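Accompanying notes for the structure given below.
Computed from a prediction, not measured in an experiment: that's the story for all the values here. Order of the sequence lines sets the chain letters (A, B, ...), proteins ahead of strands, with each chain counted from 1.
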Amino acid sequence: MPELPEVETTRRGIAPWLETRRIRTLLVRERRLRWPIPAGMERHFAGNVVTQVRRRGKYLLLQTRTGTALLHLGMSGNLRVLPAVTAPGKHAHYDIVLENGECVRFTDPRRFGSLLWTDEDPARHPLLAELGPEPLEPEFDGEHLWRRARGRRVAIKAFIMNAAIVVGVGNIYASESLFRAGLNPRRAAGRISRSDMERLARSIREVLEDAVACGGTTLRDFRDGHGEPGYFTAELRVYDRAGLPCPECGTPIRHLVQGQRSTYFCPRCQR
DNA sequence: ATGGGCACCTGGCTGC
DNA sequence: TGCAGCCAGGTGCCCA
């Protein structure tokens, strides 16, 4: 479900409800997420105060007075701000309950999401330490992509979906970025010119910024922190549009599979 | 080091 | 209606 724009949208939705607030308790109903929630997780939350809600790639970081909770939404997860006494749905795996009873609830049918804790600098956590730059920050640019692509034969689509190269680009926005940059998703990363990499970096940035401005993309079930869908779905130019005319040239959009993931592109506009 | 494939899960949709 | 088969927004890990 969530790529960078959806995670950022979620962050913006829940941050005002959590920052500076004291947690009454963490209520866990299902510990079997991607990594089982450790038995002692609750004690990190009870009575603690959230100082900041940040994002690194597709991870949400709840910074507290004593450490940092690392949340991941996986494929199908979402976080919702809810009033006190809201009956949990089938896959409501944990609630972060505030002192007044309001809660932020994690729901995730597929259980690919996670909830981890670190007492140390979260940037040093093994899951975050090796991540590439944030695509909306200045250190991400065409030169970075070009440099990291030297000698690499992977398809450019897989390359930009690799979080060690750049974070936040998932399956939807990879196709969309490559369309905007006019690059064929099958091209070897190492064979793309410096100037095309500049274009690609700009495209990635623009697509993600536009999607954040729209509150993300809702294909099936993405909801922000308050249950609202994202409106970038209407702006998608190629994703999930196989056979439909390319918005630039009218050629039917093609579908192909790369690394078990669907790719969509215009065979005429993308070389 | 790199690249490719698998696994982890549930639910929704399609087609017989 | 029922059911098998396929697909889905992520990503860590294993193997060649």
Side-chain angles (χ1 to χ4, degrees), chain A residues 1-11 29-37 55-60 70-79 89-93 106-116 125-132 135 147-178 185-191 204 207-208 211-212 214-224 229-242 255-264:
Chain A
M1 169 207 297
E3 304 183 35
L4 183 149
E6 292 74 36
V7 178
E8 177 61 19
T9 297
T10 299
R11 188 195 70 77
R29 299 185 192 83
E30 174 60 83
R31 314 196 85 91
R32 297 173 302 163
L33 301 186
R34 169 134 205 215
W35 291 284
I37 299 174
R55 179 187 57 74
R56 178 74 177 100
K58 297 172 192 167
Y59 285 90
L60 287 168
L70 306 182
L71 284 60
H72 199 290
L73 306 179
M75 287 273 263
S76 56
N78 68 271
L79 287 164
K90 189 171 177 198
H91 303 288
H93 303 319
F106 178 69
T107 300
D108 180 14
R110 294 176 78 177
R111 291 195 273 119
F112 288 171
S114 52
L115 173 60
L116 302 163
H125 190 278
L127 292 174
L128 305 187
E130 308 301 324
L131 294 179
R147 233 183 323 107
R148 294 295 304 269
R150 293 310 84 211
R152 303 285 300 265
R153 304 166 74 156
V154 263
I156 186 63
K157 191 210 179 200
F159 183 73
I160 61 173
M161 287 179 70
N162 180 349
I165 303 300
V166 56
V167 296
V169 181
N171 203 40
I172 296 177
Y173 300 111
S175 283
E176 293 297 313
S177 303
L178 289 164
R186 285 185 283 208
R187 296 236 335 244
R191 288 223 188 134
I204 290 171
V207 166
L208 296 177
V212 169
C214 288
T217 297
T218 297
L219 245 36
R220 304 176 174 71
D221 50 11
F222 170 70
R223 298 287 137 152
D224 71 11
Y231 296 104
F232 193 73
T233 319
E235 310 298 321
L236 296 175
R237 306 212 185 137
V238 291
Y239 187 84
D240 205 19
R241 298 181 61 79
H255 171 259
L256 66 105
V257 175
Q258 295 178 285
Q260 303 112 254
R261 314 300 299 275
S262 279
T263 301
Y264 301 87

### Message
Strictly distance-based, threshold 3.5 Å: is any side-chain N or O of Gln258(A) a donor or acceptor partner for the main-chain N or O of Pro185(A)?
### Response
yes
message: Using only modelled atom types and a 3.5 angstrom limit, is any donor from either the side chain of Arg110(A) or the base of dG11(B) paired with an acceptor on the other?
response: no
- request: Pick base, sugar-phosphate or nothing for Tyr239(A), based on heavy-atom distances below 4.0 Å to the nucleic acid.
  value: sugar-phosphate
To the nearest angstrom, the CG-C1' distance between Leu73(A) and dG10(C) comes to 10 Å
Handout entry: Integer angstrom distance from the C1' of dG3(B) to that of dG9(C)
Key = 23 Å
On a heavy-atom basis, the closest approach of Gly170(A) and Met161(A) is C-CE, 3.8 Å
For Tyr173(A) and Val207(A) the tightest heavy-atom approach is CD2-CG1, 3.4 Å
Requested in this report: State, with a plain yes or no, whether a side-chain heavy atom of Tyr239(A) is found less than 4.5 Å away from one of Thr263(A).
Outcome: no
Using modelled atom types only, decide if a donor and an acceptor are shared between the side chain of Glu3(A) and the backbone of Ile172(A) within a distance under 3.5 Å.
yes
Counting N and O atoms only, with roles assigned by atom type, does the side chain of Glu6(A) sit under 3.5 Å from a partner on the main chain of Thr217(A), one being a donor and the other an acceptor? yes
Just to confirm, is there a sub-4.0 Å distance from OP1 or OP2 of dC13(B) to any side-chain nitrogen or oxygen of Arg220(A)?
no
Q.
Please give the distance between the P atoms of dT11(C) and dA1(B) as a whole number of Å.
A. 23 Å
Q) Stacking here means centres under 5.5 Å and planes under 30°; does Phe112(A) stack on dG10(C)? A) yes
query = Looking for any heavy atom pair under 4.0 Å, which part of the strands does Tyr59(A) touch: base, sugar-phosphate only, or nothing?
reply = sugar-phosphate
Check your understanding: Base, sugar-phosphate alone, or nothing: which one does Arg111(A) contact when heavy atoms must sit under 4.0 Å apart?
Key -> sugar-phosphate
Return the polar atom pairs (N/O with N/O) between nucleotides 2-5 of chain B and the protein under 3.5 Å, or none.
from, atom 1, to, atom 2, distance (Å)
dG3(B), OP1, Arg153(A), N, 2.6
dG3(B), OP1, Val154(A), N, 3.0
dG3(B), OP2, Arg152(A), NE, 2.5
dG3(B), OP2, Arg152(A), NH2, 2.7

Integer angstrom distance from the P of dC9(B) to that of dC3(C)
24 Å
Taking a pair to mean Watson-Crick or G-U wobble geometry with both distances below 3.5 Å, dG9(C) pairs with none
**Exam field: side chain Asp108(A) to backbone Gly113(A), donor-acceptor pair closer than 3.5 Å** = yes
Ranking Arg34(A) and His91(A) by the position along DNA chain B of their nearest nucleotide, the one closer to 5' is Arg34(A)
